[in-house]
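What you see is a predicted model, and the numbers here were worked out from it, not measured in a lab.
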Amino acid sequence: MTSETALSEHLSEVLRLCTLLSDRALDAQITGRTVPADHAVALANAARLLQDHGVEWPPLLTQVLHELAGCPAETPLGPEVDPLDSDLQGLARFFSGFRKKDQL
């Protein structure tokens, strides 16, 4: 097995898993539940990995990430801010750049 074949198989698995996780995140949003921060971070990391390898994102992943980026994260005021909330705000800023590119 060549390294290129192995990479292709691994990227296929990343696509499959991120589609499943995107489906769960979308289901959570539809039913009014919050998407767990670790799921949002995992989806963002998968998107970044796919982008780095020139692989088109599954439409469901794109939809979920746009919705997550469009919803401002509710962070508590004061010194006790959860680091995951900060990560989500950073992800929202990161993905807002993609939305602006789509609108041009």
Please identify each residue that fulfils side-chain contact (heavy atoms from CB on, under 4.5 Å) with [X], with sequence neighbours left out.
| X | answer |
| --- | --- |
| Leu11 | Leu7, Leu49, Leu50, His53, Val55 |
| Asp23 | Leu60 |
| Ala28 | Arg33, Val35 |

Measure the [atom1]-[atom2] distance between [X] and [Y] for me, rounded to the nearest 0.5 Å.
| X | Y | atom1 | atom2 | result |
| --- | --- | --- | --- | --- |
| Arg48 | Leu43 | CZ | CG | 12.0 Å |
| Glu56 | Gln51 | CD | CD | 12.0 Å |
| Leu68 | Thr34 | CG | OG1 | 10.5 Å |
| His39 | Arg24 | NE2 | CZ | 7.0 Å |
| Leu20 | Leu15 | CG | CG | 11.0 Å |

Report the residues that fulfil side-chain hydrogen bond (donor to acceptor under 3.5 Å, both in side chains) with Glu13, sequence neighbours left out, ordered by chain and then residue number.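 side-chain hydrogen bond (donor to acceptor under 3.5 Å, both in side chains) list for Glu13, sorted by chain: Arg16.
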Quick check on side-chain contact (heavy atoms from CB on, under 4.5 Å): which of Asp27, Leu61, Leu17 does Ser22 satisfy it with? Leu61
Can you tell me if Trp57 uses its side chain to pair, donor with acceptor, with the backbone of Thr62 under 3.5 Å? no
